[in-house]
Amino acid sequence: MTNQGVIKQFGLAIVLLAWTAASAAAFTAYISNEKGNSVSVLDTDTMTTVATIKTGDRPRGIEVSKDGKLVFVAVGDDNTIQMIDTATRKIVGELPSGPDPEQFALDPAGKLLYVANEDDAAVTVIDLETRKAVAKIAVGVEPEGIVVSPDGKYVICTSETTSMAHFIDTAERKVVANVLLGARPRAAAFKPDGSELWVTSEVGGGLSIVDPLTRKIVKVVHFAIPGLRPEKIQPVGINITSDGKFGFIHLGPSNRIAVVDGTTHEVVKYLLVGQRVWHGAFTPDGKYLLAANGLSNDVSVIDVAALKVVKSIQVGELPWGVAMAPK
Amino acid sequence: MAGFAAWHRWLRSLPPTRCHPKAVLWLALAGCVALSLADSSRAAEPQQIKIGYLRAPLAKERISLIDIPTANEGLAGAQLAIEDNNTTGRFVGQQFELIDILLKDGEDPTAAVNKLADQNVAFIATALPAAQLLQAADAGKARGEIFINASAPDERLREQDCRANLIHVAPTRFMLADGLAQYLILKKWRRWLLVSGSHDNDKLMADAYRHAAKRFGAKIVAELEFKDTGGARRTDSGIAEIQRQMINLTQGAPDYDILVAADESEVFAGYLPYRTWLPRPVAGSAGLVPTTWNAAFDQWGALQLQNRFRKQFQRFMTPLDMQLWTAIRMVAEAASRANTSDTAKLFAFIKSPEFSVAAFKGQKLTLRDWNLQLRQPILLFDGRNTVSISPQEGFLHQVSELDTLGLDRPETKCKLN
């Protein structure tokens, strides 16, 4: 064995040691596999897939209930949201989501679920206790991203062809304001303190930072990666750390995640991940970000403190989104 | 690769960039910030924007039964765009209405243009042949009418015969030919057998392929003409006859990599695939076809538009439908971004560098300011699926890679005034 080889082996051992030391707390992550029609269950301690649950057709949007007992997964081609019991890992029911559900969001109390109906230009509100649709709110053409403000007062829904973020008052259940954005807005996320709303635009080519009080765009962050054609850089999912220090913007077919400074909004770093990275979620301790790579059928694990990709885990076919069980 | 080398030489011969990319970005940003919208309470009295659709009957002569246009081809795309506009318009207090006028074959459009002007229609999308379109644009000039050409591919409309009140959404023949040529060069299919029809529009299309071959370094090994001598396109005993005809047509040509057919008139190209003397692929008017849209296209959210269209019209969306959708959406996009229904302001905004429209092509589409042609990628469709999308990687341009398709600013003969 050459010296270099020894060093490599030794280095790997250190990384592995550091890995086991760092991941003392075990969490469970759920990954929707859009083409595999399944949900992969990951153990964040061993960083392996421990189970695969069959679902309906085309599972995309995925969330875990606040009490951790249920996983909600939108199965678009079956026009419903399925509920998986986290203890038995079996499908236990369905929610009346309206047609072709893709993204949805839970309110902070965990009682209501807001679903964007892409083909219907509407947002459906579902009461999780009665499991009934209680309201339908008209929004722009091709609603896509949806998020509830940390105080629960507003739901923000983006519409792709209309190119707006619609502010829906959750008490009145109606649109009270609209912000025009770069073309084809995708995902929306709040900084945990509620001070900023971040929205990615597929064609507008960037990330809009919106002041939720004045409802004005305060900055547009643009992404550029040397050697990559601009149309390969499609900003999609957004994950902002709980301290608001960094935002991770999933850049789709560019196979990169941009790390954006939460205060200056400068791009700090581009992390090379798997192919067509779409959406992700942090482990509850905030140490790792798991990102679903659609075309390479794996999940990239990012060490948040080090801003480094440390591992990739094989999951099902065309992974779309990640939801993390609370601990 | 000779093609690339020639291309780069040509690229280097161009004048330096006129506009600093950063400057454009800041302009766009300033526009964005300035345009954040008021809330829906302002929607009490909506601004009314009427859009005209002026069209001529579509030719029914098609080689394949599948391609025969429906009565609402184009119109359906316009209607869906109006609906999409109104869904958006609800939030900004704007209401759109479509006024559709179907002319007779070759009819003078002046009366129809005046009728639209009388009804306060300022923007008129068109599916008219070049001559009728120019008549319409000139007839509407005095009344401030603005036309959006959604069907005519003629270069002359963007070059020597360009008009200041005429925007083009339809790609030109050169854009289509360049889109196909880039892919063929990438595949190293450089030896073309060019077969063209005998009608004027077929000849113009053949010119576009000759231009593309020269531009990107392909070699046309031989040219053949298929003379339209009349006769049935589809007859009960046609298959055997056609099989022989196509062999006779292509026999004796020097060896080639791909047959490129220029047959806008739909006389013969559809019969070429699988019937040539040599076993070679076909492109152009049949086989691998450069186009703006196809019913199988599902990238960049296109699936949603396809779903919406099929749900409403119970048929597939065609390129003409998409070109109309884009034309009508452009007006509404300008109206919501510039927050106005004033014609002069809308037209100024559409012509400004801040304007762009999203049409499910993965990037924003903008106007060439020198002739008001919409820049756009070209899809290469095999009849079932999208094979590729041009511009191809490696074909570079200092302003926009989309300007590697069609005549560029230094070559233009257009003088807008």
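These numbers come from a predicted model, not from an experiment. First the proteins, then the strands, lettered A, B, ... as listed; each starts at 1.
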message = Using a 4.5 angstrom heavy-atom cutoff, name the option from A/K174, A/E144, A/Q234 with the most pairs to chain B.
response = A/Q234
ask   = Where does B/I389 contact chain A at under 4.5 Å (heavy atoms): side chain, backbone, both or neither?
value = neither
ask   = Given a strict heavy-atom distance threshold of 4.5 Å, which part of B/E83 is in contact with chain A: side chain, backbone, both, or neither?
value = neither
key: Euclidean distance, B/R337 CZ relative to A/S163 OG, rounded to 0.5 Å   = 5.0 Å
task = Can you see which heavy atom on A/M164 is nearest to which on B/V92, and at what distance?
result = CE-CG1, 3.5 Å
message = Please classify the contact of B/N307 with chain A as side chain, backbone, both or neither, using a heavy-atom distance under 4.5 Å.
response = side chain
request  = Heavy atoms only: give me the nearest A/V139-B/T87 pair and the separation to one decimal.
outcome  = O-CG2, 3.4 Å
remark   = When the 4.5 angstrom heavy-atom criterion is applied to B/K361 and chain A, the contacting part is neither
ask   = Between A/D120 and B/R308, is there a salt bridge with N-O shorter than 4.0 Å?
value = no
inquiry  = Give me the atom names and distance for the closest heavy-atom approach of A/R58 to B/L303.
reply    = NH1-CD2, 3.9 Å
request  = Evaluate whether atom NZ of A/K269 has more than 12 neighbouring non-hydrogen atoms of other residues, nucleotides or ligands under 6.0 angstrom away.
outcome  = yes
query = Got B/W300 and A/R184 here, is their nearest side-chain heavy-atom distance under 4.5 Å?
reply = no
message = A quick test of your reading: do over 12 heavy atoms of other residues, nucleotides or ligands sit less than 6.0 Å from CZ of B/F313?
response = yes
message = Other residues, nucleotides and ligands only: do more than 12 of their heavy atoms fall within 6.0 Å of CZ on B/R310?
response = no
task = Could you pull out the closest heavy-atom pair between A/A138 and B/R90, with the gap in Å?
result = CB-NH2, 3.4 Å
ask   = A/V141 versus B/T88: any side-chain heavy-atom pair under 4.5 Å?
value = yes
message = Any heavy-atom pair between the side chains of A/D100 and B/Q304 that's under 4.5 Å?
response = no
ask   = Looking at OG1 of A/T161 and CZ of B/F360, how far apart are the two atoms once the value is rounded to the nearest 0.5 Å?
value = 3.5 Å
